[in-house]
**Q** 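Take a look at this one; I'll ask things after.
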Protein chains: 2
Amino acid sequence: MSDGPTITTIAQRAGVSIASVSRVLNGLPTKADTERRVMSAARELGYVPNSAARSLKSRRSNQLGFAMADIGNPVYLAMIREIQPLFKAAGYRLVLHSTNVDEADEIDVLRGLGERYIDGLIMVPLRVTAEHLNMFAAARAPIVIIGSVPEGTPVDNVRTDSRKGVRLAVGHLHALGRRRIGFVNGPVDTVPGAARSAAYAEALPALGLPYDPSLVEVGDFYRTDGARAVARLLEREPDLDALLCANDLIALGALDVLRRAGRRVPQDVAVAGMDDTDLATIAWPALTSVSMGSAERGRAAAELLLDRLDNGRRAPRVVTVEPRLVVRASTTGEETP
Amino acid sequence: MSDGPTITTIAQRAGVSIASVSRVLNGLPTKADTERRVMSAARELGYVPNSAARSLKSRRSNQLGFAMADIGNPVYLAMIREIQPLFKAAGYRLVLHSTNVDEADEIDVLRGLGERYIDGLIMVPLRVTAEHLNMFAAARAPIVIIGSVPEGTPVDNVRTDSRKGVRLAVGHLHALGRRRIGFVNGPVDTVPGAARSAAYAEALPALGLPYDPSLVEVGDFYRTDGARAVARLLEREPDLDALLCANDLIALGALDVLRRAGRRVPQDVAVAGMDDTDLATIAWPALTSVSMGSAERGRAAAELLLDRLDNGRRAPRVVTVEPRLVVRASTTGEETP
DNA sequence: TTGTACGCGTTATCAG
DNA sequence: CTGATAACGCGTACAA
């Protein structure tokens, strides 16, 4: 009841030295008799090794971290679902950090690496500032970044081709005959916001369509913000016939607003999201969405981290995940009433 | 680059003893000059205290655990969203365990408490076996269980009133004039499955309706399993006019099947879910659902744990969260086309 | 094969 | 106010 048993307790009980106890528990060659006595003493006392002591000695925590902005976002959830089993299988616990869109929080997490409570970290930063880069360079544990970082940054990196993703979606809408394709983005000073904004601006001219800034509206990456942004856009450009939303949450907001406005989806306005989260198949009509390979990115990041942990000095690696368009009713209308 | 600086490094650099360094870093009274020298040495070296050493000495890990069956389930997500900020605000990191419906995994997590890598644990067990109860009693760190445990179990406990929840839903359907109310459950040997099953069997007679076993179908707590179960039920009882689903995922499956079968919701069949997750407002028609207060339960659990951590020897406490019916279109049809 | 002794990095006690 | 020094629990040379 009081304090947990230690190897010293066991040693006394078994009448051997703590060294012998340690050897038995670590499976080193030991005389059969000693082994038996130690094992039974350990069992009787309900011995469990103390992780702090073990970590201090071994210089390993057997913990790995995952840091993202917001657990509520299903994109991160998709990543965690892949990461957690891989970590567990490799004998690591998962420490979760939700940084709440707070840049200082992200930096804190990076600084925390120095405490050595985790042996490595996967981070999905919303922004990559100079301070981030400094911390990456100074980090005393391996880091994998999901999202693009500048060439030469000394971290493993998993990216996705936003350009191609947006091109797929815009191309799809264009092929369906849509010509007034609005774009609802999140904050453009975030990694995904900036990438998707640039990609949209490129994709239209490539199809011979003009880039019209008044077809672009910026809110935040959430459903209600998205809805508000779509409402503004609709008021300004009532003749638009398609909407590309920078993520699925925004697209859900778009469906809400369009429904309330009496516009049919997709007959009047075709809607496409990005990220292809679980929500896409729950929405009605089911949401066409560009999969940015969230699950694959999570898995790739975990694999990179685990690989580096037993292969410390290889060069930083970059893995790029291919986006993929998943067509559903919100653009083709096959199931719409 | 090589190994991180320790208080010894700082002591050498500042020309003082490690004791002085420790005192300065812990804010104990120190001569201004020593303090300055220590602080600047620490800053220059980029010192960060080692958490393993600190834990070994202090016997605290500054970590708390949350264990649930499946991160993919939005119910747990709702809990995590409440738990994480509270833990963080109290200075604890969050260690996440997804036990994958594996009973042995749950026991492993409990056993892991002995390693002292967490100072406390919130667990949502799917089943509560004798082994669980043994581990609860033997645990060397505080545990909060979400879900009912037997009277006298030495853990803090957050429960919800399933009986009342089911009664609310069935009462609502009955008040709408529905008389053939099917029930689609998950496995009845789980904590929620058993509770909801018993509650359904009680609720009907209380309204003067007969309990008809052939109106009950069991699958699993997922969308596709739910869909299959609903399909079986519909085939067997084509005249049912309402469906109560034991969680929202099952209810989504029900919507899929009903739509495919050409049954209108709610005109032909009214559908209600349980848990009132985010999915309920995304579905179409929006899902009437019984909120089991997931967010509140998460918050209550976190508060109980934090309270106990600085108030070790109070009696175990039981918090009960009231269910609440959230009526939406899937039963009243107000927004249905 | 086994035991003794030391170090991992911190905190805390006890003389000076 | 400061500096030795002893824990914390474990692993491991080194010596027996």
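Naming convention: chains lettered A, B, ... in sequence-line order (proteins, then strands); numbering from 1 in each chain. Just so it is clear, the model here is predicted, and its values are computed rather than measured. These values consider heavy atoms only, across backbone and side chains, with no hydrogens, waters or symmetry-generated copies.
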**Q** Can you tell me how far P of D:dT2 sits from CG of B:Leu25, to the nearest Å?
**A** 13 Å

**Q** Using a strict 4.0 Å threshold on nitrogen-to-oxygen distance, state whether A:Arg127 and A:Glu106 make a salt bridge.
**A** no

**Q** Measure the distance from CZ on B:Arg23 to P on D:dT5 and round it to the nearest whole Å.
**A** 15 Å

**Q** Taking the minimum atom-to-atom distance to the side chain of A:Ser22, which one of C:dT2, D:dT12, C:dG9 wins?
**A** D:dT12

**Q** Want to settle it: does A:Leu28 or B:Ala32 sit nearer the 5' end of DNA chain D, counting the closest nucleotide to each?
**A** B:Ala32

**Q** Give B:Thr8 one of three labels, base, sugar-phosphate or nothing, depending on what nucleic acid heavy atoms sit under 4.0 Å from its own.
**A** nothing

**Q** So if I take every side-chain heavy atom of A:Thr34 and compare against C:dT1, D:dT12, D:dT2, which nucleotide ends up nearest?
**A** C:dT1

**Q** Between A:Thr6 and B:Lys31, which residue's closest nucleotide on DNA chain D lies nearer the 5′ terminus?
**A** B:Lys31

**Q** Rounded to whole angstroms, how far apart are CG on A:Leu56 and P on C:dT11?
**A** 12 Å

**Q** Think B:Arg93 forms a cation-pi with B:Phe87, using NZ or CZ under 6.0 Å from the six-ring centre and within 45 degrees of its axis?
**A** no

**Q** In whole angstrom, give the distance that lies between atom CD1 of A:Ile7 and atom P of C:dT2.
**A** 15 Å

**Q** Please classify the nucleic acid contact of B:Ser55 as base, sugar-phosphate, or nothing, using heavy-atom distances under 4.0 Å.
**A** nothing

**Q** Select base, sugar-phosphate, or nothing to describe what B:Pro49 touches, counting heavy atoms under 4.0 Å on all strands.
**A** sugar-phosphate

**Q** Rounded off to whole Å, could you give me the CZ-to-C1' distance for the B:Arg60 and C:dT11 pair?
**A** 14 Å

**Q** D:dA4, D:dC1, C:dA12: which one has an atom nearest the side-chain heavy atoms of B:Asn26?
**A** C:dA12

**Q** Would you mind reading off the distance between A:Glu115 atom CD and C:dC8 atom P, rounded to a whole angstrom?
**A** 20 Å

**Q** Have a look at A:Thr30 and say if it touches a base, only the backbone sugar-phosphate, or nothing, with a 4.0 Å heavy-atom cut-off.
**A** sugar-phosphate

**Q** Choosing from D:dC10, C:dT10, D:dT2, which nucleotide comes nearest the side chain of B:Lys57?
**A** C:dT10

**Q** Considering only D:dG3, C:dG3, C:dC8, which nucleotide approaches the side chain of B:Val16 most closely?
**A** D:dG3

**Q** Indicate whether the side chain of A:Arg60 and that of A:Tyr92 have a donor and an acceptor atom separated by less than 3.5 Å.
**A** yes

**Q** Is it true that B:Arg314 and B:Asp156 make a salt bridge, defined as a side-chain N closer than 4.0 Å to a carboxylate O?
**A** yes

**Q** Is A:Glu151 salt-bridged to A:Arg159, cutoff N-O under 4.0 Å?
**A** yes

**Q** How many Å lie between CD1 on B:Ile18 and C1' on D:dT5, as a whole number?
**A** 9 Å

